[in-house]
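Just so you know, these numbers use all the heavy atoms, side chains as well, and skip hydrogens, waters and symmetry mates. The chains referred to below are lettered A, B, ... by the order of the sequence lines, with proteins before strands, and numbering in each begins at 1.
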Amino acid sequence: MSDRAPAIATHSPELEHHFSSLEQQLEASVMGMWVFLITEIMFFGGMFCGYMVYRYQYYSAWVAGSQKMDFRWGTLNTIVLLCSSLTMALAVRSAQLGRRKAIVIFLLITILFGLGFLGIKGIEYHGHWAEHQFPGLNWAWPEANSHLVALFFSFYWAMTGFHALHMVIGVGLVSWIAYQAWKGRYHSAYYTPVEVVGLYWHFVDIIWIYLYPLLYLISHKHISG
Amino acid sequence: MFDLPLWPPRASTTAGSVDALFIFLLTLCGFMALAIFTMIIVFAIRYRRRPGHQAEQIEGSNALEFTWTFIPLGIFLCIFVWGAYIYFQERTPPRGAAEVYTVAKQWMWKFQHVEGHREINELHVPVGRDVRMIMTSQDVIHSFYVPAFRIKQDVLPGRYTVAWFHATKAGTYHLFCAEYCGTMHSGMIGDVVVMEPAQYEAWLSGGAALGSLANTGQGIFQSLGCSTCHRFDTQGRGPNLVGVFGRPVLLEDGRTVIADENYIRESILIPAAKVVSGFKPIMPTFQGIVSEEQLNALVAYVKSLNPPPAGAAGTPNLKPPTSQPETNR
Amino acid sequence: MSRHIASAKLYVGVWLALICLTAATAAVSGVELGPFNVVVALVIATSKMLLVALFFMGVKYLSQRMTVVVIVAGLFWLFILLALSMTDYVSRAWA
Amino acid sequence: MSMATLTAPSAERENYLNQEYGIRSWLLTTDHKRIALLYLLSITFFFFIGGFFALLIRLELLTPAGDLLQADTYNKMFTMHGQVMVFFFLIPAVPAVLGNFLIPIMIGAKDLAFPRINLLSWYLFIIGGLFMLYTILTGGVDTGWTFYTPLSTQFLDTHVVAAALAIFIAGFSSILTGLNFIVTVHRMRAPGMTWSRLPLFVWSNYATSIIQVLGTPVLAITLMLVALERIFKLGIFNPQMGGDPLLFQHLFWFYSHPAVYIMILPGMGVVSEVVTCFSRKRIFGYKFMALAVIAIAVLGFLVWAHHMFAAGISLYAAMIFSLLSYFVAVPSAIKVFNWTTTMYKGSISYMTPMLYAFGFIGLFTMGGLTGLFVAALGIDVHVTDTYFVVAHFHYIMVGGMVMAYLGGIHFWWPKISGRMYPEAWGKLAALIIFIGFNLTFFPQFVLGYLGMPRRYWQYSPEFQVLNVLSTAGATILAVGYLLPMVYLLWSMRYGKVANENPWNAAGLEWMTASPPPTFNFDQTPTVTWEAYNYDELKEVPVER
């Protein structure tokens, strides 16, 4: 960004040269982030479409596959993510108020919750891998509908895999802005990055809000096992 | 001097109606295109830039805009209805059509007539008879395309797709594969030989028929041990298959489906997908055990179990085709 | 958005509601409702999504109407993909 | 044409070209004009690769037998011709080159909303391009540009994953461009530049961005699932496991049909600018033209399964999609009528951009009308997957979009380079391209209805004469495309120096210097006039 920007009324350091005010810059960044989140909705939307089509066609196999999910881990993971959303929202709020220490603390808690989620996911993945529930590479299924349950697990691994990948990116982003916040770059007049990463984090949480019931709680049989 | 055909041969009932719509659209769109080209040329010449000539600003006129929005829309809807009517006929084979099972595999067509004849890349059919192609693929997606009949239907792996035609002119016509299917996609071609009924009968009796497809199916039905569970006299562990084809079946999860070819095929390859109510999902899968040809024979056999007076399509009756096209898929 | 700062109590309140809804969806899924199982699950999930979007993501306080239009358009497009694809799969058995 | 020596003698003043020199100033630039030039170079490079493959295909089809290339090589030719042309030329062309360069200037902004993301978009395009080059150079891919499964997932061992990754990455470049345009048009308009005063070029690029943002991610996930299925043997589209090959087609065409509107809408925007300028008239029915563009973008998402009428979808779904396809045809018809009526009572001059606009309207009309044929269910069953469809979409993509792109490049060349292109050569190239195009693709309509399937390496002898005509046309077309490349480069050094507004056109981009300074305007302009106010612009004779 060439710094020979023509003089603008309040020329604060964070202001990009081509924006007329910090207000316009924040609104543009928020809108830009929402447009990006729309692309993410359509990205996961493709998988939800496949999931819906096959669930409509092979419901009994979907039930059998869902029974193999440990819904207790799923519920715990959902609660972990909801807590991380709370701390993220509080982090954004403290950025608005300009409380530097509060931002850093809330962001660190959010990172902890995020890592917790990934840990639980790792345990589940290890469990499924050990029981040969990875279609293609490591698959064993005693009953007759082996192919159809393999379809369910293909979607399980694809959807939760992409979600976990987005969670890893989220943890990376949050730690980057936590570092910036610790260095005191954000204050009540300029906190756009915290806001934008917050939006991304909440979005990843919303995807899980849908994945949880659709993968773990397909029919009443999951509790009776 | 050189061979430059400009119109494909017209050898089926569908070809006539498709050509009619095509010619109508050709004239309509030709007229529209010429109208626009002449308007552009006239405007370009009459209003060309020259000294003393000033452009006259026109903001626009809502009336004109609405006319060329709703009039084209009206015309388009008529075209849609005409096109949909032809498509409806193409996708609803008439009852009582002679059946030919087709297996498309990478780069050849294999046909199994119900009377037992097998052909590769050649299909002999009689003039004036409805013929229903029940098609599946062993590997990738192919597409059964006979330009002279104006019909095309992709042949999907793992499922039956159906195409039908009623040949009106004897002759030999091209058969192409129209869906890209690998290296020799352009070599996967053949001929559809349409013969007068007398010649067709001679061809039929001449070939070394090894029993009708249904009989072959019965042999496979015994050898694979299907009859141990699917008994005809008492209620075995599997449902009784007599009179099942073409009728609704109540499933375990409450849905009712019509027992068409796809249902029988799926029940053989992936039995647990649609379990009949009152039965356990104990049937093993025959995926990889039964070849596509054997599968066609089994389907033909199950069809032949229907009591004959119900107009079963299994055995080819030679009564002239007066039946009305209704959906029986 | 940038000027309106919600109270911490509101955030904790929203968080509690989300936890209860999660418990509710887990509990309800244990009850045999046949086809309604998925409907209830989706209704609860959508209400949780609305809570997170409106309060945590601040859609409720967004000053520019245009961003809300963008969000609603995105959800509508997802609906187009899902609904029109299903017209094929639902009507395959009718032909 | 090395970057460093690019000096426009007239502009002793500073402009975006001579403000900084050196490779770093180009590779790390965030100036939307320089990024536009980087894109111009990259997509021209890919255009000639795709064109080379097209020539090989046409040469092979001179004879019915497959005697020039082997079957596999031929399959790779048409696959990579499709992939390179669609994803590395047609989709980025007008938005990333003309859109990037002009939209900020047209709305009176200093730059796009997110300049750094704009540079990232170019780098993603280059990385995607490198993956594509890797695919081409190390053996190619022969799945067809449509990647249909299960052929692409189980029955081919060519570089399918590399090609899918190339398009996946290039897709994000397209998403970021779309995102940038949407936020820019919403947030960065100069005072007085209301929505009803926006040039139609901005409107059409805005509609294109809506499609890019909402459609491309679905292609991204679909290609990812194909890659996962090949690498990890996951069975999402695998028929042996109960998977449905049609699900892939639904997800693929959900993006790929709107993608053809990504290709044509910016071209429509260029034609609206060119027709109004060279007829010296306001656009006829501005509101309807802007509305039509948005309608195409929205309705474009409802019609995708008209590519699958014979693929095995259900009868009633096919009827629904055929009906919706006729609704999406109406806005295109509105636009053609409005362009034609704009010329009524105008003062029309036949400069090169206007010749391209005439070509566009003519050929796009034929492409659009043949669209009515393939949307009719009865006819589509006969002509889908034949050369009729190949001719239809080439009429719209090559006859429409490439003509408009060349028209736009000529129309704004003075603004981009500060030089005028040689007018006589421009007209000659336009004529050659028009003739070569029609000779190439009109015979394919007849071939299609005769029943010659597409993607055939060898064909029945009775189709040969028409194929020979088509190949002859292709060679003329190739010559036609080489000409602009030569004389535009020549004009950057030896062309006549262009003043601020050589065409005396309306629009903010003609009110700043040619080539414009880095921040486009000395101070942000305030717009007080309506779009295309040619009645207020005096009639200046354009010197020959």
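Only the side chain of Leu228(D) comes within less than 4.5 Å of a heavy atom of chain A; its backbone N, CA, C and O stay farther away. Heavy-atom distances place the side chain of His186(D), and not its backbone, under 4.5 Å from chain A. For Met224(D), the part lying under 4.5 angstrom from a heavy atom of chain A is the side chain only. Interface remark: Gln240(D) contributes backbone atoms only to the contact with chain A (heavy atom separation under 4.5 Å). The contact between Ala220(D) and chain A is made by backbone and side chain atoms together, counting heavy-atom distances below 4.5 Å. Leu112(D) touches chain A through its backbone: at least one of N, CA, C or O sits under 4.5 Å from a heavy atom, while the side chain does not. Only the side chain of Ile175(D) comes within contact range of chain A, with heavy atoms under 4.5 Å apart.
Contact annotation: the side chain of Phe134(A) approaches that of Leu234(D) to within less than 4.5 Å [non-hydrogen atoms, C-beta and beyond]. Looking only at side-chain heavy atoms (C-beta outward), Phe254(D) and Met42(A) come within less than 4.5 Å of each other. Counting heavy atoms from C-beta on, the side chains of Phe44(A) and Ile221(D) never come closer than 4.5 Å. You'll find the side chain of Leu247(D) reaches within 4.5 Å of the side chain of Tyr54(A), heavy atoms only.
In terms of heavy-atom proximity, Ala158(A) sits nearest to Leu225(D) at CB-CD2, 4.2 Å. When all heavy atoms are compared, the tightest approach of Gly235(D) to Ser154(A) is N-OG, 3.3 Å. In this structure, Met241(D) and Ala150(A) approach most closely via the heavy-atom pair CE-CB, 3.2 Å.
Between chain A and the residues Asp31(D), Val218(D), Ile117(D), the largest count of heavy-atom pairs under 4.5 Å involves Val218(D). Annotation: maximal heavy-atom pairing with chain D below 4.5 Å, among Gly136(A), Gly161(A), Ser146(A), occurs at Gly136(A).
Within 6.0 Å of atom CH2 in Trp129(A), more than 12 heavy atoms from other residues, nucleotides or ligands are found, so the atom counts as buried in its surroundings. Shown here is Tyr123(D), whose OH atom has more than 12 heavy atoms of other residues, nucleotides or ligands within 6.0 Å.
Within residues 178-185 of chain D, the residues approaching chain A closer than 4.5 Å by heavy atoms are, in numerical order, Leu179(D), Ile182(D), Val183(D).
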Hey, can you pull the donor-acceptor pairs under 3.5 Å for the side chains in residues 32-39 of chain A, sequence neighbours left out?
| unit_1 | atom_1 | unit_2 | atom_2 | d |
| --- | --- | --- | --- | --- |
| Thr39(A) | OG1 | Phe36(A) | O | 2.4 |

